[in-house]
Amino acid sequence: MSPASAPNPIVPTASARGAPLVRVVNLSKEFPAGSTGIIGGTKLSVKAVAGVNLEIQPGETLGLVGESGSGKSTLGRLILKLLEPTEGSVFFDGRDLSTLGREELRMLRQQMQLVFQDPYASLNPRMRVRSIVGEGIEIHKLARGKEKEDRIAELLAMVGMSADAMDRLPHEFSGGQRQRIGIARALAVNPRFLVLDEPVSALDVSIQAQIINLLQDLQEKLKLTYLFIAHDLRVVEHISNRVAIMYLGKIVEIATRDEIYLNPRHPYTRALLSAIPTIDTAHRPERIKLPGEMPSPMNPPSGCAFHPRCPYAKDVCTNIEPKLETGRGGHAVSCHVFPAP
Ligand code: ADP
Ligand code: MG
């Protein structure tokens, strides 16, 4: 990534933390498995998210990283209440989302927005940019007429696009420009919190850096809080204040950005770091290569779900599931072999 600025400096340190903007408590989501999910007459389910706890502070970027299928998008959608949890709760600004009435939920929805991975799939190909960006302004009755036009132009300028984009269709833009439009659409309703679900995964590396820098600038200007999802640790390195690593529906490690990159504990985190092509190998801790693929969340391994792929696995790892234990500086890890520092 480019020599981007440091993550948002306004975020308080762990010792000076106040109330979180987002709090997730014991959150789980099971999907019924399809016809393939019947073994010996028992219907299985997919535990996409399995007992997740986390907090996101105002103004912070929490990076959420894991292989495809680890449950990142499901967790993001649960937090936005686009999915109902099987168990557990989500608190936004101190309020339990499950207890809100319709009108309260509508107001809260405006404060939480989603930016998708594939801006082409998520932008209606027949809608002009004016309508795409203006839709939320209309739904939430934020402006009309000339005022709305001005606001759309202002939003486009904020994401580095000119006002003449308004009369054009999504296919007339490059991938990076379409993602800028997707971001403008999300910002149109003045949100406080964005779930960015792999917002740069579909883009060329050079364009990725531009979009990440834009997101960082917008965060500072608009005092936004981000959950930034990626399958690659490289992508979230510069923007994250903290990073959570997800494996088979669970957080296996969560710590400040520097702790994750310079003092990773979990072998899965180290394997993800190994996958980053980097020139700065001298400052990286020991890398490990990850054998095999992630098992199906329909039938997760016993004990530590990572043990079949882990070069350090001992007997205890196959039998007993490690707890996510918090150590020094809030660095939490679930591993029998490399416990929290
Ligand atoms: P990620 O975003 O990390 O790639 P997802 O949250 O999309 O992971 O998916 C986690 C698991 O849940 C996967 O095994 C996926 O197949 C399953 N899953 C996600 N959504 C559904 C759904 N609507 N119905 C059934 N299974 C689902
Ligand atoms: Mg996903």
Side-chain angles (χ1 to χ4, degrees), residues 1-2 4 61 64 67-69 72-74 76-77 80 82-83 109-110 112-191 193-219 221-222 224 226-232 234-236 238-239:
M1 210 92 316
S2 72
T61 296
L64 177 64
E67 285 164 287
S68 174
K72 307 177 301 292
S73 294
T74 304
R77 285 168 180 274
L80 297 176
L82 297 172
L83 281 173
R109 276 262 154 75
Q110 190 186 328
M112 314 189 286
Q113 292 290 310
L114 178 60
V115 173
F116 299 86
Q117 167 175 353
D118 183 347
Y120 200 52
S122 68
L123 303 178
N124 185 331
R126 281 179 296 273
M127 262 164 84
R128 297 195 185 273
V129 169
R130 167 185 284 104
S131 313
I132 291 171
V133 177
E135 201 173 26
I137 300 177
E138 267 172 40
I139 291 172
H140 292 282
K141 300 188 174 69
L142 300 175
R144 352 182 346 204
K146 168 89 170 66
E147 205 189 325
K148 189 177 94 184
E149 287 285 299
D150 291 348
R151 174 68 177 147
I152 296 168
E154 181 192 29
L155 285 158
L156 288 173
M158 262 195 307
V159 299
M161 310 245 329
S162 66
D164 57 24
M166 277 205 250
D167 293 311
R168 291 159 68 186
L169 293 163
H171 75 84
E172 297 178 60
F173 298 95
S174 68
Q177 288 172 321
R178 286 199 290 259
Q179 194 53 288
R180 287 172 192 270
I181 296 166
I183 294 166
R185 174 179 60 181
L187 295 179
V189 296
N190 301 315
F193 174 61
L194 295 186
V195 172
L196 302 151
D197 192 352
E198 307 220 22
V200 301
S201 298
L203 305 175
D204 291 345
V205 170
S206 59
I207 310 293
Q208 290 186 352
Q210 292 173 15
I211 298 294
I212 290 172
N213 288 342
L214 169 69
L215 287 166
Q216 237 173 330
D217 291 346
L218 290 168
Q219 178 172 45
K221 212 176 287 169
L222 305 172
L224 298 167
Y226 291 160
L227 177 67
F228 194 120
I229 298 175
H231 59 256
D232 173 344
R234 175 186 55 88
V235 164
V236 298
H238 286 286
I239 198 168

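In what follows, every heavy atom counts, from backbone to side chain, and hydrogens, waters and symmetry copies are set aside.
Atom CG of D197 sits about 9.0 Å away from atom OG1 of T74, to the nearest 0.5 Å. Between the CD atom in E149 and the CD1 atom in I137 there is a gap of 9.5 Å [rounded to 0.5 Å]. Within the model, atoms CZ of R185 and CE of M127 stand 8.0 Å from one another, a figure rounded to the nearest 0.5 Å. Note that OG of S201 and CG of D232 are 7.5 Å apart. Values are rounded to the nearest 0.5 Å. In this structure, CZ in R130 is found 11.5 Å from CD1 in I132, a value given to the nearest 0.5 Å.
Looking at R168 and Q177, their side chains never bring a donor and an acceptor atom within 3.5 Å of each other. With 3.5 Å as the limit, one finds no donor-acceptor pair spanning the side chains of S206 and D204.
Under the side chain to side chain donor-acceptor pair (under 3.5 Å) criterion, R151 pairs with E154, N190, not counting sequence neighbours. With sequence neighbours excluded, no residue forms a side chain to side chain donor-acceptor pair (under 3.5 Å) with E147. Legend: residues meeting side chain to side chain contact (heavy atoms under 4.5 Å, CB included) with L169, ordered by chain and number and at least two apart, are R128, H171, E172.
Under a 3.5 Å cut-off, the side chain of Q179 and the backbone N or O of F116 do form a donor-acceptor pair. Judged purely by atom type and a 3.5 angstrom limit, E198 has no side-chain atom pairing as donor or acceptor with the backbone of Q117. In this structure a side-chain-to-backbone donor-acceptor pair under 3.5 Å is present from Q219 to L224. With R77 contributing its side chain and L82 its backbone, the two residues share no donor-acceptor pair below 3.5 Å. Not one N or O on the side chain of Y226 forms a donor-acceptor pair closer than 3.5 Å with the backbone of I239. Between the side chain of K148 and the backbone N or O of L142, no donor-acceptor pair lies under 3.5 Å.
Of all heavy-atom pairs between L123 and P170, the closest is CB-CG, 4.0 Å.
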